[in-house]
Enquirer: 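Let me give you the structure first, and then I'll get to my questions.
These numbers come from the heavy atoms of this one structure, side chains and all, not from hydrogens, waters or symmetry mates.
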Amino acid sequence: MVKLSVIIPVYNGEKYIEKTLDSLVEQTVEDFEVIIIDDGSDDKTGEIIKKYCDEYVDFFYINQPHSGVYAARNAGIKKARGEYLLFLDCGDMLTFESVEKLIEKGEADSLDIVLGRQWRFGDIEYKYFKRDDTLVVMNDVDKHETSLLYSGELGNKAIKKKIIELYNVSFADLSAYGEYLFIMQCIMNSNKIGGCTEFILEKHVPHLTDGYSRFEMPSMENFKSAVYVCDEIYDIANDSIERLTGESTDGDEAYLQAVMYHSYALMIENFYRRFWFAGEDVLENMREEFKRMSVKIKKEKFEQLVKDNPDLRLPYIYVNKDEAVSESLISVMFDVSGEHMTDVIKSVYLQDYPFFEVFIRRSDFESGYFPEELKNMKNLTVIDEKDFFRSARAKAHGKYVLTLRGKDVIDYRVFSSLAVSKIPASFIQYEFAARRRTLQARKSLKDRGLNIKDK
């Protein structure tokens, strides 16, 4: 009998898919199956998958025209025979005993959903994801436990298939954020959720300079998906409370307030903090969405949101990019030339902080190394070679002026941490260099097999 089905959608994943499949080959039990859905890849992904499916009898290959990750997962659900389902992304890896421990825990406690611990790894960071700690130690998690709102990863959860079938749960046809909705639908329809204290998942995090994927871009299409998902989750939570209490709700319940806080946080993290990649229409719609959401959230909860994002100058929301440039806190004098320029400038624009501007020499801007997708950024000023630094300083709006040299990329959190620091402006260059070196040192140690974990 198949106890668990592992479902893996893949699109052009030749670089990472073998790591994922190798971690499944090395599991300590055999009563599970692996379903890999090739979503119309045009690289060598299909060849790699077929090799594993030919060698291992419980590995199954589905090839479909490119239809998106959600359609691929739905196809995997239809094919699955397991009592439990586990969804992985290309590049994710399971620890050796993951399948055994998930099945063992689910059967012992008659769980509809089993939660496990996870690590996140990539070229810059390798760290333990702490947010699930409060959940994995519980044998019976209240479905209205607020920590579940932030447990949006699929790969550390085994979900009983009968819940999905009984309540007709599937991945919605959205451009992004469908995982949040799917998980919440499963949670609210479950009878019992429990934790497994073992480390289950090693979640792959792309390199900083890979940029935002299509699902992560703050596009209008993704914004509409995010709004839809947030509204649906609120309605699901509201209906669940009504079923539990037998009464109508007026939005004052603590759990619904936590849901609203989570919705605000999703918008801020995935759209406002990606300010320079968002169109003016997205920014304007986001401000209007915040106004609409403000009707449902209590004052003290919103004040907590402002407090938790001290670098963003909330509650004011900038939608005019020219205004945001004029209010820049950090002015960057970009002094990196040649082949290293591409990755370094990308890491600047992937900062999770909006209020910065960049000055660059015309010769570097016009070189073949400057990314085309960044050339029209409104916070980018191109200056002729002569007297570059003096001219840049004369135009700079920022309180903090940073000269950026060297080939090392910048971790996405550096600017936001500088924005809330209490360091005098005259020392900020030294602080910036120190934080940049610390993160690069961490990567160097990881390359040598040593890991420094966040506290």
Side-chain angles (χ1 to χ4, degrees), residues 4-7 9 35 37 67-80 82-89 102 106 110-116 131-132 135 138 140-195 201 215 222 224-245 249 251 253 255-263 265-267 270 296:
L4 182 140
S5 297
V6 181
I7 298 171
I35 301 169
I37 306 94
S67 307
V69 64
Y70 300 135
R73 287 188 183 131
N74 286 334
I77 291 172
K78 290 180 181 178
K79 175 78 172 179
E83 182 181 355
Y84 288 93
L85 306 185
L86 179 69
F87 299 90
L88 297 181
D89 291 324
L102 287 171
S110 300
L111 300 177
D112 290 331
I113 300 178
V114 191
L115 310 168
R131 272 188 166 166
D132 292 323
L135 302 171
M138 300 182 191
D140 192 356
V141 182
D142 185 341
K143 66 177 66 178
H144 298 127
E145 166 61 48
T146 56
S147 295
L148 285 171
L149 292 170
Y150 299 93
S151 186
E153 178 55 53
L154 282 166
N156 69 328
K157 297 174 182 65
I159 303 170
K160 195 166 268 188
K161 190 181 181 185
K162 75 172 186 181
I163 295 297
I164 294 171
E165 292 177 331
L166 184 62
Y167 295 98
N168 197 28
V169 180
S170 63
F171 289 92
D173 184 17
L174 300 170
S175 64
Y177 306 105
E179 294 86 356
Y180 293 101
L181 181 56
F182 180 86
I183 290 171
M184 287 303 295
Q185 287 173 325
C186 291
I187 287 172
M188 291 304 166
N189 287 307
S190 295
N191 293 317
K192 192 175 183 183
I193 303 168
L201 174 70
F215 306 102
N222 287 347
K224 290 179 179 178
S225 287
V227 172
Y228 174 81
V229 167
C230 288
D231 285 346
E232 285 293 302
I233 288 176
Y234 184 88
D235 289 342
I236 290 168
N238 192 71
D239 291 344
S240 176
I241 291 175
E242 287 185 1
R243 290 199 304 269
L244 185 68
T245 62
T249 58
E253 291 78 5
Y255 182 68
L256 290 180
Q257 288 300 302
V259 170
M260 288 308 305
Y261 181 97
H262 176 265
S263 296
L266 186 149
M267 293 293 179
N270 296 316
K296 295 181 180 179

Enquirer: Taking all non-hydrogen atoms of both residues into account, name the closest pair between Leu148 and Asp142 and its distance.
Expert: CD1-O, 3.6 Å
Enquirer: side-chain contact (heavy atoms from CB on, under 4.5 Å) for Met138 and Val141? Distances and angles first, verdict last.
Expert: CA-CA 6 Å; Met138 300 182 191; Val141 182; 3.6 Å; yes
Enquirer: Less than 4.5 Å apart, any side-chain heavy atom of Lys192 and any of Asp140?
Expert: yes
Enquirer: I need the single residue from Leu85, Ile159, Leu181, Ile193 that forms a side chain to side chain contact (heavy atoms under 4.5 Å, CB included) with Cys186. Which is it?
Expert: Ile159
Enquirer: Do the side chains of Tyr150 and Asp132 get nearer than 4.5 Å, heavy atoms only?
Expert: no
Enquirer: Taking the side chain as every heavy atom from C-beta outward, state whether Asn238 and Leu256 have any atom pair closer than 4.5 Å.
Expert: yes
Enquirer: Of all the heavy-atom pairs spanning Tyr84 and Leu111, show the shortest one and how long it is.
Expert: OH-O, 2.6 Å
Enquirer: Decide if atom NZ of Lys224 counts as having more than 12 heavy atoms of other residues, nucleotides or ligands within a radius under 6.0 Å.
Expert: no
Enquirer: Evaluate the side-chain contact (heavy atoms from CB on, under 4.5 Å) criterion for residues Phe182 and Leu154: first the C-alpha distance (whole Å), next the side-chain angles of each, then the deciding distance (0.1 Å), finally the verdict.
Expert: CA-CA 9 Å; Phe182 180 86; Leu154 282 166; 4.0 Å; yes
Enquirer: Val69 versus Phe215: any side-chain heavy-atom pair under 4.5 Å?
Expert: yes
Enquirer: Side chains of Tyr70 and Glu179: donor-acceptor distance under 3.5 Å anywhere?
Expert: yes
Enquirer: Would you say the side chain of Leu88 lies within less than 4.5 Å of the side chain of Ile7, judging by non-hydrogen atoms?
Expert: no
Enquirer: Would you say the side-chain atoms of Asn156 pair up with the backbone N or O of Gly116, donor to acceptor, closer than 3.5 Å?
Expert: yes
Enquirer: Provide the closest heavy-atom pair for Met188 versus Ser240 in the form atom of the first, atom of the second, distance.
Expert: SD-OG, 3.5 Å
Enquirer: Rounded to the nearest 0.5 Å, what's the gap from CD1 on Ile163 to CG on Asn191? Could you check?
Expert: 6.0 Å
Enquirer: Will you find, in the side chains of Asn74 and Ser170, an N or O donor that is under 3.5 Å from an N or O acceptor?
Expert: no
Enquirer: Rounded to the nearest 0.5 Å, what separation is found between the OG atom of Ser175 and the CG atom of Asn222?
Expert: 4.0 Å
Enquirer: Check Leu135 against Ser147 and note the closest heavy-atom contact, atom names and distance.
Expert: CD2-CB, 3.8 Å
Enquirer: Quick one: pull up CZ in Arg73 and NZ in Lys78 and give me the separation to the nearest 0.5 Å.
Expert: 16.0 Å
Enquirer: Rounded to the nearest 0.5 Å, what's the gap from NZ on Lys160 to CD1 on Ile113? Could you check?
Expert: 11.0 Å
Enquirer: Please answer whether the main-chain N or O of Ala80 pairs with a side-chain N or O of Ser5 as donor and acceptor at a distance below 3.5 Å.
Expert: no
Enquirer: Should Ile164 and Ile77 count as side-chain neighbours, where that means a heavy-atom distance under 4.5 Å?
Expert: yes
Enquirer: With rounding to the nearest 0.5 Å, note down the distance linking NE2 in His262 to CD in Gln257.
Expert: 15.0 Å
Enquirer: What are the two closest non-hydrogen atoms of Leu86 and Gly155, and how far apart are they?
Expert: CD1-O, 3.4 Å
Enquirer: Examine Lys157 relative to Phe87 and say whether NZ or CZ is less than 6.0 Å from the centre of the six-membered ring and inside a 45° cone about the ring axis.
Expert: no
Enquirer: Evaluate side-chain contact (heavy atoms from CB on, under 4.5 Å) for Val259 paired with Leu149, printing each intermediate quantity in order.
Expert: CA-CA 7 Å; Val259 170; Leu149 292 170; 4.0 Å; yes
Enquirer: How long is the span from the OG atom in Ser190 to the NZ atom in Lys143, to the nearest 0.5 Å?
Expert: 6.5 Å
Enquirer: Compare every heavy atom of Tyr228 with every heavy atom of Leu174, then report the nearest pair and how far apart it is.
Expert: CD2-CD2, 3.8 Å
Enquirer: Quick one: which of Met260, Gln185, Met184 gives a side chain to side chain contact (heavy atoms under 4.5 Å, CB included) with Ile233?
Expert: Met184
Enquirer: For side-chain contact (heavy atoms from CB on, under 4.5 Å), just list the numbers for Leu4 and Glu83, CA-CA rounded to whole Å, side-chain angles, deciding distance to a tenth of an Å, and then say yes or no.
Expert: CA-CA 6 Å; Leu4 182 140; Glu83 182 181 355; over 6 Å; no
Enquirer: Taking the side chain as every heavy atom from C-beta outward, state whether Thr146 and Tyr261 have any atom pair closer than 4.5 Å.
Expert: no
